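Remember, it's a predicted structure, so these values are computed and weren't measured experimentally.
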Amino acid sequence: EIPRVSLEDAKAAFEAGTAVFVDVRGADVFAMSHIPGSLSIPLADLESRLAEACYRRGIAHESLGDTACALADYDAAIEREPECAPAYNRRGVLRAKKGELAPALDDFAAAARFDPQSRRAFWNRGWARLMQNDADAALADFDAAIALDPRYVNAYRARAKAYGIKGDLAREAEDEA
């Protein structure tokens with residue numbers, strides 16, 4: 001059962017920037033006219049794509065600073081799609097910001113497992129490990145992020161910090177360059 005909202009509640013959510021509108025009409029009708037920013041998910045595909053809608057709503061809540069609602073949305077996305085790597089990654093970021101490093105590391109590990117090409121999952125896990133003062137493990141994650149994208153500047157900067165913590169000033173300077 002998919003909950004419906006009143007037109008007034010939908011308008012209020014739209015104006016607040018927290019709405020995720022899902023247009024269940026066919027793609028041809030959607031192409032003719034739709035609410036700006038809405039998702040086109042034909043009714044036949046709706047159940048299989050609810051995780052995406054929850055994830056996107058989580059991003060909207062997060063951008064508005066509503067961490068509690070964002071976490072609930074990421075939880076809902078994961079519940080609907082247990083291999084939803086982006087939801088694990090964003091939930092991990094929010095948990096790390098709250099100082100919940102062990103669950104954040106679990107989330108980043110899941111994100112990397114379900115999307116091994118996600119440079120962000122490795123980068124985020126590396127930062128969480130740095131927050132735990134585990135520079136060696138952080139270096140492994142930053143190396144993985146760089147291997148996935150050799151132009152990923154943030155990973156080099158983060159790796160430089162890890163090298164600095166270990167006292168390897170030459171490698172720190174190399175990555176900072």
Measuring from atom [atom1] of [X] to atom [atom2] of [Y], what distance do you get when rounded to the nearest 0.5 angstrom?
X	Y	atom1	atom2	answer
D106	L101	CG	CG	11.0 Å
R57	L50	CZ	CG	10.0 Å
D73	I59	CG	CD1	10.0 Å
Q132	L105	CD	CG	5.0 Å

With sequence neighbours left out, what residues match [X] under salt bridge (charged side-chain N to carboxylate O under 4.0 Å, His left out)?
X	value
D141	R125, R129
R157	none
R25	D23

What closest approach, in Å, do [X] and [Y] show between heavy atoms, and which atom pair accounts for it?
X	Y	value
E81	A51	CB-CB, 3.5 Å
A160	E172	O-CG, 3.3 Å
A53	V22	CB-CG2, 4.2 Å
A121	N89	CA-OD1, 3.5 Å
A10	A19	O-CB, 4.5 Å

Quick one: side chain to side chain donor-acceptor pair (under 3.5 Å) partners of [X], sequence neighbours excluded?
X	value
E62	Y74, R90
D175	R159
D107	R91, R95
Y152	R120

Could you pull out all residues at least two apart from [X] that satisfy side-chain contact (heavy atoms from CB on, under 4.5 Å)?
X	value
I165	L130, A135, K161
K11	E15
A76	C54, R80
A144	F122

Parallel, tilted or perpendicular, as decided by the 30° and 60° cut-offs, for the rings of W123 and W127 |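 Because their plane-to-plane angle is over 60°, the rings of W127 and W123 count as perpendicular.
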Under the ring pair (Phe, Tyr, Trp, His ring centres under 6.0 Å) rule, what pairs show up with a residue in residues 90-114, not counting sequence neighbours?
-> Y88-F114
Can you find a heavy atom in the side chain of [X] that is under 4.5 Å from one in the side chain of [Y]?
X	Y	answer
R171	L139	no
F30	P42	no
C84	P86	yes
K97	T67	no

Are [X] and [Y] joined in one hydrophobic group, where the rule is that I, L, V, M, F, W and Y side chains link up if heavy atoms are under 4.5 Å apart?
X	Y	answer
F142	Y156	no
L71	Y55	yes
L39	V24	yes

